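The structure appears right after this line, and notes come after that.
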Amino acid sequence: MCGIFGIAYRTEAPLALGPVLRRALERLEYRGYDSVGVAVMTSANSESVQVYKDVGKVSEVVGKYSIDSLRGVAGVAHTRWATHGRPSKENAHPHVDCTGAVAVVHNGIIQNYAELRERLAAAGHTFRSETDTEVIPHLIEEYMKALPPWEAFREAIGQLRGAFAIVALIASEPHTLYFARRLSPLVVGVAEESAVVASDLPTVLDHTRRVIVLHDDEYGYTAPGEVHVERGGAPVDLASRVVEISWTADMASKEGYPHYMLKEIHEQPMALAGTLSGLDWDTLRAAAEALHNARHVYIVAAGTSLHAGHVMALGLARLGVKATPIVASEVHSVVGAVGEGDLGVAISQSGETIDTLVAVRALRGAGARVMAITNVVGSSVARESDIVIYTRAGPEVAVAATKTFTTQVLVVNALLHALAEAVGNGDIAHVGDNMQRVPHMVSRVLQLTEGPIRELSRAVAGRASAYYLGRGLGLPVAMEGALKLKEVAYIHAEAYPAGESKHGPIALVADGFPVIFVFLDREVEKALMGNVMEMRARDATTIGLIPPGASHLAELFDSYVEVPYLDPYNNVILYVVPLQLLAYYAAVHRGYDPDKPRNLAKTVTVE
Ligand code: AGP
């Protein structure tokens with residue numbers, strides 16, 4: 001959702017703060033691009049902050065208000081993904097109190113804002129926006145009538161219900177940032193000359209590699225060389241909480257690619273190799289045992305991660321484990337059946353998706369143990385799970401998940417391999433051997449398919465709708481391909497089990513309607529060929545992803561792209577790559593920015 005950042009320097013003399021804030025805004029833009037804003041303490045003696053904010057992209061707002069030229073000793077910055085209140089200048093963050101001495105940036109939702117607002121308005125506070133956030137600076141202001149800033153901040157936080165990551169700047173303490181976290185991520189940097197807090201690790205890494213990842217319900221303050229954190233009124237011992245991060249901030253830059261999405265698609269061989277070499281087989285074997293012993297496995301995830309969950313469910317079924325993939329936000333409909341002996345599996349790139357986190361809590365509350373597959377070390381889902389397996393895809397900046405999906409599937413395949421070994425099922429034993437070849441094979445896929453897909457994407461870009469059809473493991477790939485096309489190219493795309501297409505969806509097919517088929521499993525080839533013929537008979541434009549040298553398949557299609565073949569499970573990784581490229585190039589042909597899909601946020605932290 002929203003991106004937040006704050007920095008306060010030790011110096012008394014104003015510094016060139018503008019470029020620092022701009023850089024932070026650029027990094028955080030993927031978290032929300034409804035509006036942008038900063039608040040600055042122009043000198044250590046100022047009695048109020050200066051606020052610059054507006055709707056628009058970072059580059060537009062930065063240019064309009066000459067953010068680059070700002071000087072000061074401290075500042076906060078925000079990119080907004082609207083929840084309460086439409087995108088507008090008034091609703092943009094930072095929000096300030098009546099005096100302009102308290103500036104707050106916030107990510108999340110304050111559930112009890114209406115009653116707080118009423119109470120504060122009755123006490124004489126003037127509100128200028130429709131947001132839930134604006135109650136926070138006014139609450140702090142109210143408590144500051146009787147208390148020093150830190151105590152006033154602490155009292156104010158105690159009044160808030162809901163989900164939040166907050167950074168506050170208070171003019172009377174120009175070298176200090178106040179912060180709080182509940183459900184929404186927040187990271188504090190540890191440095192001598194500056195104090196830094198941000199919703200995202202890469203933004204902190206621009207300033208220091210020593211960080212503290214805050215846990216739920218922690219709040220505190222930081223000044224250069226000092227971090228103080230409390231939870232439930234008691235100080236938190238931070239001795240073991242400071243971690244040295246090896247990711248450089250530059251790992252999150254575009255490195256010459258026009259968009260992060262394309263960069264991250266091309267990073268997949270590296271991300272997969274990193275995930276492969278980081279696999280902890282002891283943990284995987286323990287996880288496989290937990291799967292084997294589970295009465296029932298409930299796989300909860302959202303969006304792309306859920307597609308990896310479908311791959312897992314199909315593999316588990318093959319190995320005799322009862323598993324149900326569930327949209328995380330629908331967990332309530334199954335939780336009545338969950339109990340001790342069941343196992344939840346939460347798959348989440350960010351580990352912060354609120355629907356998935358809530359599902360983890362519901363499953364654990366019902367007595368199940370939970371295993372997490374996530375990309376972010378120390379994320380909420382990781383911390384709240386019994387077993388954690390990390391994908392090591394590195395930071396993913398593009399809103400559309402690409403390398404995090406393929407690394408999730410690699411981890412799923414490794415788990416299936418460990419389970420197949422444990423139960424002595426030779427059926428999918430070769431998955432483990434082939435896995436080692438996946439990074440190299442993905443490089444081949446990129447080399448072989450990017451040109452033809454780029455060409456093909458022109459035709460798809462001109463259409464209003466498309467179908468993606470597959471059978472078995474081809475279906476999650478079809479689902480992921482369709483999601484990508486919707487997300488970045490804004491083309492209506494649906495995925496169906498190919499056999500199901502006859503039961504309704506085929507009614508739309510006529511006159512060049514594009515239908516994309518995923519042929520990644522020889523076991524279901526014959527039936528799928530029949531489905532291609534049905535679509536051809538209705539004048540669809542048929543496009544096939546097929547194994548190399550399969551002339552009997554090639555002749556079925558108007559266009560086809562050959563994709564190297566390993567085995568159906570590893571093929572999920574190989575065959576999704578051309579579909580990621582198809583969505584990317586269709587978006588570019590249509591003139592859209594694939595890194596900033598409208599209405600979407602990288603991490604959805606509201607239910
Ligand atoms: C993927 O392209 C989407 N941006 C979205 O569906 C995403 O996969 C979903 O929100 C889940 O995110 P998570 O993996 O961080 O939990």
Side-chain angles (χ1 to χ4, degrees), residues 1 30-33 81 107 183-185 199-201 259-262 264-265 268 271 299-312 325-331 344-361 370 372-385 388-391 393-409 411-412 476-477 479-490 493 495 576-577 579-584 586-587 592-607:
M1 296 298 144
Y30 78 99
R31 278 186 158 262
Y33 20 87
W81 190 84
N107 171 31
L183 286 170
S184 305
S199 49
D200 293 51
L201 193 53
H259 298 100
Y260 283 111
M261 183 177 174
L262 189 61
E264 287 161 2
I265 290 172
Q268 288 180 110
I299 304 168
V300 290
T304 290
S305 296
L306 184 61
H307 300 152
H310 283 281
V311 175
M312 186 172 193
I326 303 152
V327 172
S329 55
E330 291 295 318
V331 74
V345 176
I347 308 181
S348 174
Q349 183 284 125
S350 60
E352 301 294 347
T353 297
I354 193 75
D355 292 333
T356 308
L357 189 56
V358 167
V360 166
R361 290 174 181 169
V370 172
I373 299 175
T374 181
N375 192 38
V376 179
V377 177
S379 59
S380 301
V381 167
R383 281 189 289 106
E384 297 198 20
S385 297
V388 185
I389 305 171
Y390 289 109
T391 54
E396 187 173 69
V397 174
V399 171
T402 53
K403 62 177 180 168
T404 56
F405 174 70
T406 48
T407 52
Q408 284 170 346
V409 176
V411 164
V412 163
V477 173
M479 291 161 88
E480 180 56 10
L483 179 66
K484 289 283 95 82
L485 194 71
K486 273 187 282 217
E487 277 188 299
V488 300
Y490 313 147
V576 82
V577 172
L579 298 183
Q580 296 168 343
L581 289 166
L582 181 66
Y584 171 79
Y592 299 125
D593 179 347
D595 284 345
K596 299 190 182 73
R598 68 185 175 214
N599 302 336
L600 300 183
K602 179 67 182 162
T603 305
V604 181
T605 51
V606 288
E607 276 182 84

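The first residue in the sequence is number 1, and the count goes up from there. Ligands are counted one by one from 1 in listed order, and the atoms in each one are counted from 1 as well. Everything numeric in this text was worked out from a predicted model, so none of it was measured.
Between the side chain of S379 and the backbone N or O of V376, at least one donor-acceptor pair lies under 3.5 Å.
Checking Q580 against T402 by side-chain atom types alone, no donor-acceptor pair falls below 3.5 Å.
Under the rule for a salt bridge (charged side-chain N to carboxylate O under 4.0 Å, His left out), E264 has no partner lying at least two apart in sequence or in another chain.
Residue A489 comes nearest to A587 through the heavy atom pair CB-N, 3.7 Å, listed as atom of the first residue, atom of the second, then distance.
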For ligand 1, list all ligand N or O to protein N or O distances below 3.5 Å, rounded to 0.1 Å.
residue  : atom   : partner : partner atom : Å
ligand 1 : 2 (O)  : T304    : OG1          : 3.4
ligand 1 : 2 (O)  : A401    : N            : 2.8
ligand 1 : 2 (O)  : K484    : NZ           : 3.1
ligand 1 : 2 (O)  : E487    : OE1          : 2.7
ligand 1 : 2 (O)  : E487    : OE2          : 3.0
ligand 1 : 4 (N)  : V399    : O            : 2.9
ligand 1 : 4 (N)  : E487    : OE2          : 3.0
ligand 1 : 6 (O)  : T304    : N            : 3.3
ligand 1 : 8 (O)  : T304    : N            : 3.1
ligand 1 : 12 (O) : T353    : OG1          : 3.3
ligand 1 : 14 (O) : S305    : OG           : 2.6
ligand 1 : 14 (O) : Q349    : N            : 2.7
ligand 1 : 15 (O) : S350    : N            : 2.9
ligand 1 : 15 (O) : S350    : OG           : 2.7
ligand 1 : 15 (O) : T353    : OG1          : 3.3
ligand 1 : 16 (O) : S348    : OG           : 2.6
ligand 1 : 16 (O) : T353    : OG1          : 2.5

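Ion pairing between a basic and an acidic side chain is recognised when a charged N comes within 4.0 Å of a carboxylate O; E384 and R361 show such pairing.
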Margin query: Is there a side chain to side chain contact (heavy atoms under 4.5 Å, CB included) between Q408 and S305? Walk through the geometry before answering.
Written below: CA-CA 8 Å; Q408 284 170 346; S305 296; 2.9 Å; yes

